[in-house]
Amino acid sequence: MRIKLINPNTTGSMTDLIAATARSVAAPGTEIIAATSRSGPASIECHFDEAMSVVGLIDEIIDAPAADAYVIACFGDPGLLAAREITDAPVFGIAEAAMHAATFVSTGFSVVTTLERTRIITEHLVRNYGMEHQCRRVRATDVPVLELERPESNARATILAECERALVEDQSSAIVLGCAGMADLAAYLEDRLQVPVIDGVAAAVKFAEAIVGMGLKTSKRGDLAPPLPKIYRGKLASYAPGNGLVGPTSLKAG
C-alpha cells in the first residue's frame, strides 16, 4: 500500500518530522511517500495561507505515480474536498482524522493548537465535522508553527501547560494536537498527562490503511464527482478541468 503524505507548506524540515511520525505507525508493507509543497507559504496560520496552499497541494495529488491514499498534513485540512474531487483514492485531513480518533477513546476532548487566529479556524472545523458535543474547547498557545522546530524555544513546555489546563478546566479526557508540527510531541505529552494524546498525522495514516484495506474509494456521485470541464483564465488556466491535468480525464485510480 502506498500512502502519499503531503505537507502543504513549503518547509521541508517539517515534512521530515511528520514523515517520521507516519512511518513509525505505518504497518509493514505500507510505503509512506512524503512530499513538500513546491508552492505556497512557509507555514499555514490563517485563511489566506490556506487558500494559497491549495494549488501546491493539488500539484502533489495530480503528480504521477498515483497513491492508494493521500494525507493532507495540515490541521486546517486545506483543500480537502477539492482533493477528493480529483481522485478516487481516499484523501484524509489530519484534523478530521484526529477528532474522529478522539471520539473512539474519550467522551470529550480539547484541541490544543498554535495561534489564536488558528483557534478560530479550528472551531470552524469542529462545527463542520459535527464535533460540537465531543470537543470541549479549542485552546491556543500563541506558539507560531515554525517555533515548534526550534529546540531553544519554550514551545514544548507551553503546550504541556496548556494541555494540563485543558484537562482541569475543560473536564476533557483526551487531547488532540492542533498542528502537524506537533506530531513528535504526542508520546511526550501522553506520558506526562496520562490521557490519550492524538496526533492527526498518525491517525490519518492508520485510517488510510483501514479504508484502503476495506477496498473503499471516494464516491464520484454528487459533489465529489470530478470537476466540470470549463475554461480557467489567468495564472490558473492550466488547471482547467478537462484539459488533461485536472478532472475526469486524469482522475487518479487508487
Side-chain angles (χ1 to χ4, degrees), residues 1-9 14-37 57-106 109 111 125 128-131 134 174-190 195-221 224 251-254:
M1 180 186 307
R2 181 187 294 120
I3 298 174
K4 188 167 187 179
L5 178 73
I6 303 169
N7 175 12
N9 75 37
M14 187 169 292
T15 306
D16 294 340
L17 182 152
I18 60 181
T21 296
R23 291 180 179 125
S24 73
V25 300
T30 295
E31 179 186 1
I32 301 294
I33 303 170
T36 306
S37 179
L57 167 70
I58 296 301
D59 285 340
E60 293 300 333
I61 293 175
I62 62 181
D63 274 357
D68 298 299
Y70 297 87
V71 172
I72 301 173
C74 171
F75 203 80
D77 291 352
L80 178 58
L81 294 179
R84 287 174 176 164
E85 286 184 352
I86 63 169
T87 177
D88 63 357
V91 183
F92 299 85
I94 65 169
E96 186 176 31
M99 291 183 203
H100 279 292
T103 68
F104 300 149
V105 295
S106 72
F109 63 88
V111 179
L125 292 179
N128 288 345
Y129 295 150
M131 293 287 173
Q134 288 85 11
I175 299 293
V176 167
L177 299 178
C179 178
M182 296 179 183
D184 62 334
L185 298 181
Y188 163 82
L189 293 170
E190 191 165 283
V195 299
V197 176
I198 296 96
D199 155 54
V201 174
V205 167
K206 299 312 287 184
F207 282 141
E209 289 178 336
I211 294 298
V212 172
M214 294 170 66
L216 297 176
K217 295 185 179 294
T218 300
S219 175
K220 292 298 129 189
R221 183 180 179 90
L224 295 183
L251 188 68
K252 298 288 188 183

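Just so we're clear, the structure is a prediction, and the values are computed from it rather than from any experiment.
In this structure, OG1 on Thr21 lies 11.0 Å from CD1 on Ile32, to the nearest 0.5 angstrom. Here the straight-line distance linking atom CD of Glu60 with atom CG of Asn7 works out to 9.5 Å at 0.5 Å rounding. Between the SG atom of Cys179 and the CG atom of Leu185 there is a distance of 9.5 Å, given to the nearest 0.5 Å. Rounding to the nearest 0.5 angstrom, the gap separating the CG atom in Leu224 from the OG1 atom in Thr87 is 11.0 Å.
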Residues Tyr188, Val197; criterion side-chain contact (heavy atoms from CB on, under 4.5 Å); working and verdict: CA-CA 9 Å; Tyr188 163 82; Val197 176; over 6 Å; no

Test log, rule side-chain contact (heavy atoms from CB on, under 4.5 Å), inputs Ile3 and Tyr70: CA-CA 6 Å; Ile3 298 174; Tyr70 297 87; over 6 Å; no

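Side chain of Lys4 to backbone of Asp68: no donor-acceptor contact under 3.5 angstrom is found.
Contacts of Thr218 classified as side chain to side chain donor-acceptor pair (under 3.5 Å), with partners at least two apart in sequence or in another chain: none. The side chain to side chain donor-acceptor pair (under 3.5 Å) test applied to Gln134 returns no partner, not counting sequence neighbours. Every side chain to side chain donor-acceptor pair (under 3.5 Å) that Tyr129 has, sequence neighbours left out, goes to Asp77. Scored by the side chain to side chain contact (heavy atoms under 4.5 Å, CB included) test, Cys74 finds Pro8, Ile44, Pro78 as partners (sequence neighbours excluded). Taking the salt bridge (charged side-chain N to carboxylate O under 4.0 Å, His left out) definition, one finds that Arg2 meets it with Glu31, sequence neighbours left out.
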Would you mind writing out the side-chain donor-acceptor pairs for residues 90-106 within the sub-3.5 Å range, not counting sequence neighbours?
unit_1, atom_1, unit_2, atom_2, d
Glu96, OE1, Arg84, NH2, 3.0
Thr103, OG1, His100, O, 2.6
Ser106, OG, Ala102, O, 2.8

Using distance only, find each side-chain donor-acceptor pair of residues 198-208 under 3.5 Å and give its atom names and separation, not counting sequence neighbours.
unit_1, atom_1, unit_2, atom_2, d
Asp199, OD1, Val201, N, 3.2
Asp199, OD2, Ala202, N, 3.0
Lys206, NZ, Val25, O, 2.9
Lys206, NZ, Glu209, OE1, 2.7

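Using a 4.5 Å heavy-atom cutoff, the side chains of Val71 and Ile6 are not in contact. Inter-residue side-chain proximity for Ile175 and Phe109 is flagged as unmet; no heavy-atom pair is nearer than 4.5 Å. When side chains are defined from C-beta on, Leu177 counts as touching Leu189, because their heavy atoms get closer than 4.5 Å.
For residues 174-186, the set of pairs meeting the salt bridge (Lys or Arg N to Asp or Glu O under 4.0 Å) definition, not counting sequence neighbours, is empty.
When all heavy atoms are compared, the tightest approach of Ala83 to Ile61 is CB-CD1, 3.4 Å.
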